[in-house]
Amino acid sequence: MDRRSLLRIAGGGAIAAALAPVAGCSSALPPQALAAWRGPGDEPDVRRWILAHAILAPHSHNLQSWLVDLSVPDQITLRIDRERLLPQTDPLSRQMMMSQGTFIELLDQAAREKGLRADIALFPDGVFGPAAVDDRPIARIRLMPDAGVRRDPLFAQVFLRRTNREAYAPQVPSAESQRAIGQASVGQGMRVGFVTSDEPALIAQHRRIALEAWRIELTTPRTLLESYRVLRIGPKEIAAHRDGISLNDPLVRALTQVGLFDRSVAPAPGDRTITRQIDDFGARLTATPAFYWLITEGNDRITQVNAGRAWVRAQLAATAQGLSMQPISQALQEFPEVQAPYREIHDLLGAPAPRHTVQMWARLGQGPAIGPAPRRGVDAHLRGA
């Protein structure tokens, strides 16, 4: 989601006054928020070394809802942090389950680097129901030395992977690149696919559905405010939280400072900043040369976790091909206002619900170089250790 392009406002004495203290300030993220991307260094407990890679996984809204228990030797127990959910845009926590899967996949890859087999038992104390999550473990992972484990070549991309929301170049990804991404992410009961600008009528339908779902989320007050609540504006907030949606643009900081950007109030209908966001996202969709999707048969919690594993593998494979990806999840969400785009994208992809679920839909192309997103570090996720 391109939620970082929130404001484009000019003029006004208050803004000019507020801009003075931040004039010339860098929009780069504070280094302490990115420390996890420098790697774990020497860790006496191999589990912490493994976790230092797992926490670099993509997560919806970058909330990093992973709670880890290391109290049993050679074992990692993963639970979901129920204070880090998205009840408005992800009311059934489907995307949160996928985000647990991305973590588990990187954990597994990191364990292989150390010659360890990760025996992963999903939902060892029972599977959550379809409507809510609870405190039972998502996974219990036993680490066992195994000379036969194979390193995963995708692991080389872990520190390079980004979720790139910028404009992409118009070049269509090669058939070879599409094949590599598809092979990396397909699994049992799953199918993946691509559409490119070589099929103009079909890709136009994808762009239209994506833009309409984006418009709905931005103009539905409660879903927009859910994103506003996890905005981290300015270096102090970004460094303090190291999660959520980071905005370090000097203009946004100035507007916040003088009270012209109130994160507790949704903009009025027709608000110019929201209209601009919709237009900007539409322009990026129009220029996007390809879309990727991942479909599963069924939609139980184990399937959702495994879909998350497949999704991060797709991103790593795209990174290895010199390509960028950005989820466009709005039409896949289950809140009432977005039902029409939800049905449209499922029908367009030949995945009628409820038998099938489109678990991921993403932009794909050559994006500009960008930096990583903040991470909270291993210690922030430990419980009962």
Side-chain angles (χ1 to χ4, degrees), residues 35-59 63-84 96-128 133-159 161 184 187-188 242-243 300-313 315-316 375-385:
W37 292 92
R38 294 196 291 268
D42 294 328
E43 282 285 0
D45 187 337
V46 70
R47 296 174 299 174
R48 288 180 60 94
W49 188 92
I50 291 169
L51 291 173
H53 295 82
I55 64 169
L56 303 181
H59 192 296
L63 287 184
Q64 305 167 50
S65 64
W66 307 304
L67 291 178
V68 175
D69 184 344
L70 299 181
S71 59
V72 178
D74 303 318
Q75 181 173 294
I76 298 171
T77 300
L78 173 66
R79 292 180 171 83
I80 191 168
D81 187 342
R82 293 198 291 157
E83 295 183 0
R84 292 173 173 270
M96 286 294 160
M97 287 297 101
M98 289 188 67
S99 296
Q100 305 304 303
T102 63
F103 181 94
I104 290 169
E105 176 61 29
L106 294 198
L107 183 154
D108 186 25
Q109 291 187 20
R112 291 170 180 271
E113 287 293 302
K114 291 293 188 180
L116 298 172
R117 183 181 73 250
D119 289 336
I120 302 167
L122 293 179
F123 301 99
D125 296 341
V127 181
F128 305 151
V133 300
D134 57 45
D135 291 329
R136 286 176 290 177
I138 305 288
R140 188 167 293 136
I141 300 117
R142 292 286 307 278
L143 299 173
M144 305 290 291
D146 186 345
V149 297
R150 295 183 178 180
R151 292 181 174 180
D152 194 317
L154 292 177
F155 183 77
Q157 308 302 323
V158 168
F159 285 92
R161 184 205 61 81
Q188 185 175 2
R242 293 177 293 159
D243 66 359
D300 59 80
R301 296 304 193 184
I302 292 176
T303 296
Q304 292 166 2
V305 170
N306 286 334
R309 296 189 67 170
W311 162 238
V312 72
R313 291 184 63 83
Q315 270 203 320
L316 294 172
R375 285 296 185 270
R376 296 191 294 143
V378 170
D379 288 338
H381 300 277
L382 298 183
R383 299 292 186 275

Taking C-beta and beyond as the side chain, do [X] and [Y] meet within less than 4.5 Å on heavy atoms?
X      : Y      : result
Ile55  : Arg376 : no
Thr77  : Val72  : no
His381 : Asp81  : no
Leu78  : Leu107 : no

What pair of heavy atoms forms the shortest contact from [X] to [Y], and how long is it?
X      : Y      : answer
Ala139 : Leu122 : CB-CD2, 4.0 Å
Gln64  : Arg242 : NE2-O, 3.0 Å
Arg84  : Ser65  : O-CB, 3.5 Å
Ala184 : Arg313 : O-NE, 2.9 Å

Plane angle bin for Phe123 and Phe128 - parallel if under 30°, tilted between 30 and 60°, otherwise perpendicular: perpendicular
Trp66 and His59 aromatic ring geometry - parallel, tilted or perpendicular at 30°/60° bounds: perpendicular
Passing option when Arg48 is tested against Val378, Val68, Ile76 for side chain to side chain contact (heavy atoms under 4.5 Å, CB included): Val378
Partner residues of Thr102 under the side-chain hydrogen bond (donor to acceptor under 3.5 Å, both in side chains) criterion, sequence neighbours left out: none
Partner set under ring pair (Phe, Tyr, Trp, His ring centres under 6.0 Å) for Trp37, not counting sequence neighbours: none
Pair Thr303, Asp300: side-chain N/O donor-acceptor within cut-off below 3.5 Å: yes
N/O donor-acceptor pair under 3.5 Å between Arg112 side chain and Arg150 backbone: yes
Arg79 bridged to Asp135 by N-O distance under 4.0 Å: no
